[in-house]
Amino acid sequence: MLKKMLLALCFVGTTAQAQDYYYEKYRPFDPNVPTPEAFLGYAIGDHHTRHDRIVAYFEKLAEVSDRAMLHDYGKTHEGRRLLMLTVGTPEHLANLDGLREQHLAFTDPDRSPTNYEEVPLFINLAYSVHGNEPSSSEAALLTAYTYVASQHPEVLGHLEHSVLFVDPTINPDGRDRHTQWANMYQGDPEVADPQDAEHNEYWPGGRTNHYWFDLNRDWLLGINPESRGKLQWYHNWYPNVVTDFHEMGTQSTYFFEPMKPNGSWDPIMPKENYEDLNTLFGAAFAKSLDSIGSLYFTKEVFDGTYPGYGSSYPDLQGGLGLLFEQASSRGHRQTTPFGEITFAFTIRNQYVSSITTVATAVANKGYLRKYQQDFFKSAIARASKEKIKGYAFGDPQDPNRTKAFVDKLLLHRIKVHKNGDTYVVPTKQPQYRMVQTMFETYDKYRDSVYYDASAWSVANFYNMKYRPVTTLDLGERVTGTENLVPVAPVSRSEYAYLMDWNDYNAPAALHFLQRNGLVASVAQKPFAVPYQGGKKQFNYGAILIAVSLQKRDAQAVHRLVREAQEQFKVPITAVDTGLNLEGVDLGSRHLAAVKRPRAAMLIGHGVRSYEAGEVWHLLDTRVHMPITKIPMRNLGRASLDRYNTLVMVSGNYDLNGQQVQRIKDWVAKGNTLITIGTASEWAVQKKVVQTKLTESPKDSTERAKRLPYVEAPEHLGRERVGGIIVKVALDRTHPLGYGYVDNEIPVYKNNTVWLAPSTNPYATVGKYTAEPHIDGFISQKNMETFLKPSASLVVDKVGKGRVVLFADNPNFRGSWYGTNKLFLNALFFGDKIGVPE
């Protein structure tokens, strides 16, 4: 078998005959439909195909064939089209709306159709969520051509019993970034040396989207337009089968499901999904790959525990998500210990698996339809047996954060009701399993090693106050978020305006006012003002816009304040006196001027692009504040004096002593350095700060213990912190804690950075509580030895400046609304952070 595979690897050429390498068995083809090779001007596998050329080819298919229809489901950040090619018989396409209605009847628990074999299956062939895993989009071209043009009886039989939805490129921005790289460095003859530039992308690589997000983690979180568009499409169609094509290291072979056992103790997806269906399809994939001599493996790695993958989200919607991982050529041809692997070879495996997916689904049409029907009926049945009838939530002191959480629920078609200031989600609904995903937390697991996160209770991402309820008082159904945060227009004042910092959008509103030239102050102590015959309380961090301090007249100030309020839906109060009913007055020395942030961030080689992208995305899309991204290669000649804040996210910072001292000297001038994750560890190790790391007690017995070599990955993996949610005690009086109303908040930890609490009693802003666990797996050793004694957020003084050290990532995956404000406070109030001695 190995010899057969090597021959296949070496056989692929770049001649006109190359296309027969893929689909010769499906001849004859309609001559009126151009092949990908004829349309593109090169054989698939000869070059990497740009997204616009993929779009153009799909447009051509829809133009020349009555088997294909094309529509867009969104646009990327960079404006590239997200599109779906619907392929079916002319009769099916002409009656697509009627078929959709019949199909959706199987997802409605109140209906019980039995025509399982009569309604065509809906199959979503989805490709290239990671842009630098390019083989699958090329396979999408071949698959689309096969099903649009082939006259072979097998293909015609597939189309008789299914409708295909071909999504060729889920991540066009990342794909084009990689395509440009691979084609730019392609040699003639091709260079197979793994050290060649073609096989080694420069930072950040093409895996991620415009803001460097991993879109394969975004199905649950729905932060980016690529995911939001796809989710809107998904919940209009509920496909029975969804593919999720990937690539992995060049030294591997090919992976398909079943995965390793699910890590959850009691998985919310049916056992029938991850055992019976995966085994059924896995046998078919093995047979197809055996027929072309490809090696593969199953069950050893990957897991579907996290519900936000392209291969796991469909499993929570009554469908079957299927993961494929192909060893990557990382270019056009690369040397491996077993010979050369070519781009064409990687494409063929993905193409064969695409066709096999359709064939196996069609062969089991009735089974898959009945399975989806039972899935949604079982959701109602399971929820009916539970004591918990719903979840009540809401934070009236931060309606915009609450609104964002409601939006996330509605995106997943979860039913939400509003009763006064309280929102209620009933458990008895078709999306019961998604309700569980949003609210339930766990402390018991089947496994201790996770491919990704082991905690994802989304309510905690939003620091959302919620509680289970055993009786329901639902109130009005919420169908949208447009009018959820009504704000009374602020009246004009000749004296001052006040904006509470509690609201999630307050930083964006403040930046808008500062950008338009207004001077603002921040309250470092609470107070209460006269308001409508009573009083109104303002928390730490309230923002004052004093009319007399502005360079504009009162009318212009009022216009800007109104504009900020309308754009960001933040409550702003007009006051006509500085004499407060309680606390400090408006002229107190405890109201200090707020400098406009001038922020920069180091990016490039060694920097963790995910975290850098999260910072960039947060400031771009929610605060609308620019941040200068300084490449590491330019640090030596960049002028840091232009900025008052520098951000360093996790990474391996290979800086020499002179560069480290330069950063330290810049901080000492009165500026703010913000470090996150391993950047905080770097600051400690390079003695930029006096803060220490939590040390492990010396235990020679533990070190000398003998363990089986083969079990090393499991033992070592257990001590990683893949992703957990823990509780932190927060000093709300500290500028970094401004805008919070609770003394304890959930934070996300996915690293082993353990900061020791400061020896200064005022400098440990956030410390893990005595019983910190909320959700997710953490080993007993990490919990007791490292987490509990450590701090989550520490401030250290450096000359006249300060370093804000986050042990955890406050901006994780663009979804941690609950801790974004900690980071934004460091940006806006950095110069207000003193370290009393």
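The first residue of the sequence shown is numbered 1, and numbering continues consecutively from there.
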Tyr211 and Asp620: side chain donor to acceptor below 3.5 Å: yes
Lys629 atom NZ, over 12 foreign heavy atoms within 6.0 Å: yes
Polar side-chain atom of Arg401 near backbone of Tyr462 as donor-acceptor pair, under 3.5 Å: yes
Any donor-acceptor N/O pair, Thr573 side chain to Met499 backbone, under 3.5 Å: no
Separation between CG of Asn644 and CZ of Arg598, rounded to the nearest 0.5 Å: 4.5 Å
Among Ile676, Val804, Asn809, side chain to side chain contact (heavy atoms under 4.5 Å, CB included) partner for Phe823: Ile676
Exercise: do Ser758 and Thr764 side chains pair donor with acceptor under 3.5 Å: no
Name of the residue among Tyr531, Tyr738, Phe527, Tyr497 meeting ring pair (Phe, Tyr, Trp, His ring centres under 6.0 Å) with Phe538: Phe527
Residues, nucleotides or ligands: over 12 heavy atoms within 6.0 Å of Gln690 CD: no
All pairs passing side chain to side chain donor-acceptor pair (under 3.5 Å) where residues 820-829 contributes a residue, at least two apart: Trp501-Asn825, Tyr504-Asn820, Arg622-Asn820, Asn811-Asn820
Partner set under ring pair (Phe, Tyr, Trp, His ring centres under 6.0 Å) for Tyr740, not counting sequence neighbours: none
Whether Thr819 side chain and Pro810 backbone form a donor-acceptor pair below 3.5 Å: yes
Distance, nearest 0.5 Å, that separates NZ of Lys403 from CG of Asn505: 8.0 Å
Non-neighbouring partners of Ser650 that pass side chain to side chain contact (heavy atoms under 4.5 Å, CB included), sequence neighbours left out: Arg608, Glu611, Thr678
Side-chain ion pair, Lys465 and Asp742, N-O less than 4.0 Å: yes
Side chain Ser588, main chain Val584, donor-acceptor under 3.5 Å: no
Ring pair (Phe, Tyr, Trp, His ring centres under 6.0 Å) partner of Tyr466, chosen from Phe439, Phe405, Phe393: Phe439
Residues that Lys727 engages under side chain to side chain contact (heavy atoms under 4.5 Å, CB included), provided they are two or more places apart: Glu744, Thr769, Ile774
4.5 Å side-chain heavy-atom contact, Ile388 and Thr470: no
Basic-acidic side-chain contact under 4.0 Å: Lys535, Glu582: yes
Test: Lys692 cationic atom under 6.0 Å from Trp754 six-membered ring centre, within 45° of axis: no
Polar contact flag, side-chain donor to acceptor under 3.5 angstrom, Ser792-Asp808: yes
Rounded distance (nearest 0.5 Å) linking atom CG of Asn400 with atom CG of Asp395: 11.0 Å
side-chain contact (heavy atoms from CB on, under 4.5 Å) assessment of Val667 paired with Asp665: CA-CA 5 Å; Val667 176; Asp665 291 344; over 6 Å; no
Polar side-chain atom of Thr422 near backbone of Lys418 as donor-acceptor pair, under 3.5 Å: no
Under 3.5 Å donor-acceptor, Lys408 side chain and Leu221 backbone: yes
Under 3.5 Å side-chain donor-acceptor pair for Ser227 and Asp218: yes
Salt bridge (charged side-chain N to carboxylate O under 4.0 Å, His left out) pairs, two or more places apart, involving residues 667-676: Asp641-Lys669
With sequence neighbours excluded, residues passing side chain to side chain donor-acceptor pair (under 3.5 Å) with Asn539: Asn502
Pairwise salt bridge (charged side-chain N to carboxylate O under 4.0 Å, His left out) hits with a residue in residues 678-690, at least two apart: none
Test item: Tyr540 side-chain N/O and Gly739 main-chain N/O as donor-acceptor pair under 3.5 Å: no
With His412 via side chain to side chain donor-acceptor pair (under 3.5 Å) - residues at least two apart: Tyr313
Main-chain N/O of Asn782 paired with Thr785 side-chain donor or acceptor, under 3.5 Å: no
Polar side chain donor-acceptor pair, Arg732 to Asn743, under 3.5 angstrom: yes
Using atom types as modelled, flag every donor-acceptor pair under 3.5 Å from a side chain in residues 826-835 to any protein atom, sequence neighbours excluded.
from, atom 1, to, atom 2, distance (Å)
Lys832, NZ, Ala593, O, 2.5

Non-neighbouring partners of Asp473 that pass side chain to side chain donor-acceptor pair (under 3.5 Å), sequence neighbours left out: Asn419
Salt bridge (charged side-chain N to carboxylate O under 4.0 Å, His left out) partners of residues 782-792, not counting sequence neighbours, each pair once: Glu771-Lys788, Glu784-Lys788
Ion pair check, Asp796 and Arg802, cut-off under 4.0 Å: no
Stepwise ring-ring contact (aromatic ring centres under 6.0 Å, His included) check, Tyr423 with His417: CA-CA 6 Å; Tyr423 293 86; His417 297 257; over 10 Å; no
Donor-acceptor under 3.5 Å (Ser790 side chain, Thr694 main chain): no
Sequence-distant partners of Asn460, side chain to side chain donor-acceptor pair (under 3.5 Å), two or more places apart: Ser457
